[in-house]
Number of protein chains: 2
Amino acid sequence: MAGDAPDAIERIRQALLRRGSASAANPAPMIDKSAGGFHNLNHGSEVKVSSGKASATERQEQGRFSGEGPLSIHEVAQRAKVSIATVSRTINGVPTVTPELSRRVWKAIEEVGYYPNTHARSLVSGRSRIFGLIVSEITNPFFPEIVQGFEDVAVHHSYEILTTSVGHDPRRLALAVRRMIERRVEGVAIVTFGLEEALFDELKSRKIPLVFIDVGPALPRISNIKIDYLYGIRQAVQHLAALRHTRIAFISGPLSLKSAVARQRAFVDSMEEIGLPVNPKYLIEGNHTMEGGMAALRKILDLRNRPTAVLCSNDMTAFGVMRQSYEEGMQIPRDLSLIGFDDIRLAQFMIPPLTTVKMSQTEIAQLAFDALLAEVQREAPSPSGTEYTLRTSLVLRDSTALVANSSTRGRTKRPK
Amino acid sequence: MAGDAPDAIERIRQALLRRGSASAANPAPMIDKSAGGFHNLNHGSEVKVSSGKASATERQEQGRFSGEGPLSIHEVAQRAKVSIATVSRTINGVPTVTPELSRRVWKAIEEVGYYPNTHARSLVSGRSRIFGLIVSEITNPFFPEIVQGFEDVAVHHSYEILTTSVGHDPRRLALAVRRMIERRVEGVAIVTFGLEEALFDELKSRKIPLVFIDVGPALPRISNIKIDYLYGIRQAVQHLAALRHTRIAFISGPLSLKSAVARQRAFVDSMEEIGLPVNPKYLIEGNHTMEGGMAALRKILDLRNRPTAVLCSNDMTAFGVMRQSYEEGMQIPRDLSLIGFDDIRLAQFMIPPLTTVKMSQTEIAQLAFDALLAEVQREAPSPSGTEYTLRTSLVLRDSTALVANSSTRGRTKRPK
DNA sequence: CTGTTAGCGCTTTCAA
DNA sequence: TTGAAAGCGCTAACAG
């Protein structure tokens with residue numbers, strides 16, 4: 001068993017080295033204040049070093065710390081014959097620790113399987129290393145990608161993440177906000193595309209860094225990711241125009257959401273820019289769900305002078321349109337050209353693969369995290385928050401085609 | 001401003017009443033040890049009471065606690081002119097608090113906008129009120145439903161939840177396990193359908209309650225949700241048989257996963273039960289993704305004696321099959337009957353709507369949470385964990401049909 | 001460079 | 001019934 005120790009230490013050392021930082025046990029060329037096997041509370045961002053040589057049973061057999069709850073820093077100190085302060089320093093990579101002691105401490109940590117108690121660390125340091133992430137609907141395929149992206153980068157920076165999906169219920173949101181405050185999150189990313197801002201007052205008044213998508217004025221500690229809807233939507237409209245479409249409908253999201261309005265605005269502007277008529281009847285309000293898309297298409301088909309192409313405010317809506325056109329016996333893109341928005345992963349697997357405007361979920365997640373991290377690390381709060389921009393762009397697939405000659409193709413219900 | 005107070009108290013009181021519990025300030029008919037505006041650390045499960053009358057600005061204007069970090073129990077105590085112990089008792093609904101004091105405390109809490117610090121609570125109580133939830137792939141539509149379900153019930157019991165999506169990377173999993181231990185989770189639900197069990201040793205040795213899907217022997221503190229695959233798959237097979245299909249293929253998940261093996265086993269058993277031949281060539285190994293489904297169908301179409309129906313180990317695979325049959329110019333269900341597994345929400349929106357075997361994600365989430373909660377509340381650890389069972393069942397939609405007469409229908413690549 | 005010590009915010013004895 | 005005080009596990013002065 002003793003034979004394991006050098007090996008274990010070596011692994012930790014290497015892990016530290018890999019991070020390109022210095023540890024007392026092993027001075028590296030570059031001096032870097034941030035070092036340590038566990039994430040560091042005070043300094044820059046870290047990647048945790050995972051270790052754990054001694055197996056559970058081994059540990060039990062060592063007898064000392066038999067089952068009485070998780071071990072604390074004291075057990076480690078005792079075993080390494082140092083003070084708890086030294087253990088703490090070692091863990092946090094404070095560079096003043098003697099190599100010899102550091103070695104002993106790491107060895108002890110490995111042997112007893114010690115994992116520091118985050119609650120205690122948070123309490124004393126005042127930093128929880130937790131970010132909150134509020135999404136509207138995790139069951140909507142758009143959001144899991146963001147959650148995943150956010151988690152990836154958070155983990156990479158040793159941040160924990162409290163995810164919550166609040167739907168459209170303000171009470172759920174209020175509860176979520178409370179939970180986050182109680183857990184003392186250091187920042188919250190709000191990816192809901194327009195929930196009532198007043199609900200975040202508790203967060204704001206506590207000066208907790210926040211990042212929104214598409215909100216307007218940036219207050220101190222509040223960042224904003226501005227989506228450049230126009231860029232992609234204009235591409236989409238021009239693509240349709242190039243295919244000779246002139247009667248283009250737009251199915252929006254709920255117009256109570258700022259983002260939905262912004263997308264519709266972008267559509268209208270893009271149409272007008274190239275002199276295409278915007279028929280108000282072609283502006284349908286949907287709700288960003290498949291059902292909404294289905295209903296919207298039905299409305300569209302009831303129109304006298306039907307559009308030949310439809311642009312949707314999100315992909316789920318477009319899926320609904322596809323689904324409904326199947327019901328109606330219509331074929332996409334032959335009978336109707338269709339473009340979505342978001343480019344969720346499923347879009348490319350649709351039948352036919354959906355042409356859509358991409359709004360990168362990974363980038364949103366990355367930007368949101370960066371915004372929060374920057375704000376947390378900033379000494380003086382920025383005077384008015386930071387604004388980030390994300391460009392959208394068209395992704396061509398198979399759901400659009402040249403406009404058909406006969407625009408009178410019937411609406412034949414598919415026989416059941 | 002003073003006028004607000006009675007109102008605020010009333011709201012809290014009502015919230016307490018709604019919970020049907022007693023508080024010192026307001027003895028309710030039923031005596032219930034668990035009571036309190038914030039969740040209770042010691043007793044049963046709670047629903048938090050959300051309050052917060054005094055707005056941020058009001059609070060600021062009250063001048064006292066100007067911005068210097070979050071307020072602590074001391075400020076509340078001072079303002080209510082009681083000791084911090086009394087504040088603590090009030091919050092936790094200890095029944096010995098005088099109504100008069102309780103009122104004062106709640107008022108102070110409201111006025112200063114006090115939110116207890118969970119880290120401190122966790123530290124002293126040894127209970128974090130956090131459960132971990134490990135899923136394999138949150139971007140797979142099957143899992144978000146589970147995450148949502150789990151969150152719903154967790155919030156309802158005042159538990160926080162640490163979700164993590166680990167993919168198939170053992171290192172990510174190891175890291176996740178470490179994170180959870182550091183945050184001192186009280187239990188972990190593992191919904192990965194068969195990741196290497198050894199990776200959870202650190203959890204096990206710490207006697208942290210765990211719940212798996214489909215693992216074998218139940219150890220102490222380890223529960224298991226057993227999925228009754230046979231029930232639903234047998235229905236599916238018999239449904240196909242009733243439609244005169246005899247050549248039925250099965251696209252499994254990666255056979256390294258126990259659950260994938262179990263599903264395939266159920267398929268084979270169901271076939272044999274009714275005397276249908278199981279052609280080994282009809283047993284294709286997929287990987288539970290769309291791409292896998294697409295590849296699998298290609299393999300199937302290369303077979304000399306093609307099957308007329310395909311059963312898939314999950315819905316994503318079935319989606320892939322649909323997608324590929326579109327490429328191949330085949331039509332479902334005319335040319336091929338198709339059945340999925342899981343019944344993810346998207347299944348009903350497919351073209352055509354997918355007949356599939358339902359494995360309720362909500363129920364899994366509920367069962368998993370219940371299992372964890374039961375284990376946490378249990379005094380003596382159960383001798384060998386608890387086993388729960390979830391039944392599956394067929395959901396009929398439009399992706400199956402009577403077998404076609406001409407089984408020689410060609411494989412005509414769809415013209416691009 | 002290392003150890004001692006004073007808390008972080010809260011719960012929970014133990015007295016009063 | 002209430003308050004004083006002792007920690008929970010950890011970090012960060014402050015001495016030595």
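Chain A is the first sequence line, chain B the second, and so forth, proteins listed ahead of strands; every chain is numbered from 1. These figures come from a predicted structure and were not determined experimentally. Side chains included, hydrogens not; waters and symmetry mates left out as well; all remaining heavy atoms used.
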Using a 3.5 Å distance criterion without hydrogens, assess whether the side chain of [X] forms a donor-acceptor pair with backbone atoms of [Y].
X	Y	value
A:Thr164	A:Val166	no
A:Ser128	A:Arg184	yes
B:Thr118	A:Glu182	yes
B:Arg129	B:His157	yes

Can you tell me how far [atom2] of [N] sits from [atom1] of [X], to the nearest Å?
X	N	atom1	atom2	answer
A:Arg183	C:dC8	CZ	P	21 Å
A:Ile181	C:dG9	CD1	P	16 Å
A:Asn92	D:dC10	CG	P	11 Å
B:Leu71	C:dG9	CG	C1'	12 Å
B:Glu100	D:dT2	CD	P	10 Å
A:Glu182	C:dC10	CD	P	10 Å
A:His74	C:dT5	NE2	P	12 Å
B:Leu123	C:dT11	CG	P	11 Å

Can you tell me if [X] touches the phosphate of [N], counting only side-chain N or O atoms and a distance under 4.0 Å to OP1 or OP2?
X	N	result
B:Tyr114	C:dC10	yes
A:Ser88	D:dA12	no
A:Arg121	D:dT11	yes

Distances under 3.5 Å between nitrogen or oxygen atoms of protein and nucleotides 3-6 of chain D:
unit_1: D:dG3; atom_1: OP2; unit_2: B:Ser83; atom_2: N; d: 3.0
unit_1: D:dG3; atom_1: OP2; unit_2: B:Ser83; atom_2: OG; d: 3.1
unit_1: D:dG3; atom_1: OP2; unit_2: B:Thr86; atom_2: OG1; d: 2.6
unit_1: D:dG3; atom_1: N7; unit_2: B:Arg89; atom_2: NH1; d: 3.4
unit_1: D:dG3; atom_1: N7; unit_2: B:Arg89; atom_2: NH2; d: 3.3
unit_1: D:dG3; atom_1: O6; unit_2: B:Arg89; atom_2: NH2; d: 2.5

Problem - Chi angles and distances behind the salt bridge (Lys or Arg N to Asp or Glu O under 4.0 Å) call for B:Arg179, A:Glu160 - result: CA-CA 8 Å; B:Arg179 290 197 279 143; A:Glu160 197 52 73; 2.5 Å; yes

Problem - Under-4.0 Å salt bridge between B:Glu75 and B:Arg79 - result: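 A salt bridge is absent here (no side-chain N lies under 4.0 Å from a carboxylate O).
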
Exercise for the section: Identify which nucleotide among D:dC8, D:dT2, C:dC1 has an atom closest to any side-chain atom of B:Val124, counting heavy atoms from C-beta outward. Expected result: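 Shortest atom-to-atom distance from the side chain points to D:dC8.
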
Practice task
Compare the minimum distances between each of D:dC10, C:dC10, D:dT2 and the side chain of A:Asn117, then state the nucleotide with the smallest one.
Solution key: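 So the side chain of A:Asn117 is nearest to D:dC10.
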
Practice task
Taking ring pair (Phe, Tyr, Trp, His ring centres under 6.0 Å) as the test, write out the residues that go with B:Phe131, two or more places apart.
Solution key: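 Once residues adjacent in sequence are excluded, the partners of B:Phe131 under the ring pair (Phe, Tyr, Trp, His ring centres under 6.0 Å) criterion are B:Tyr159, B:Phe369.
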
Exercise for the section: Note the angle between the end axes of the helix from C:dC1-D:dG16 to C:dA16-D:dT1, five pairs defining each, rounded to 10 degrees. Expected result: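 One end's axis against the other's: 40°.
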
Practice task
Enter the distance from B:Glu375:CD to B:Asp370:CG here, rounded to the nearest 0.5 Å.
Solution key: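 The CG atom of B:Asp370 is 12.5 Å from CD of B:Glu375, to the nearest 0.5 Å.
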
Practice task
Rounded to the nearest 0.5 Å, what's the gap from CE on A:Met180 to CG on A:Leu203? Could you check?
Solution key: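 The CE atom of A:Met180 sits 8.5 Å away from the CG atom of A:Leu203.
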
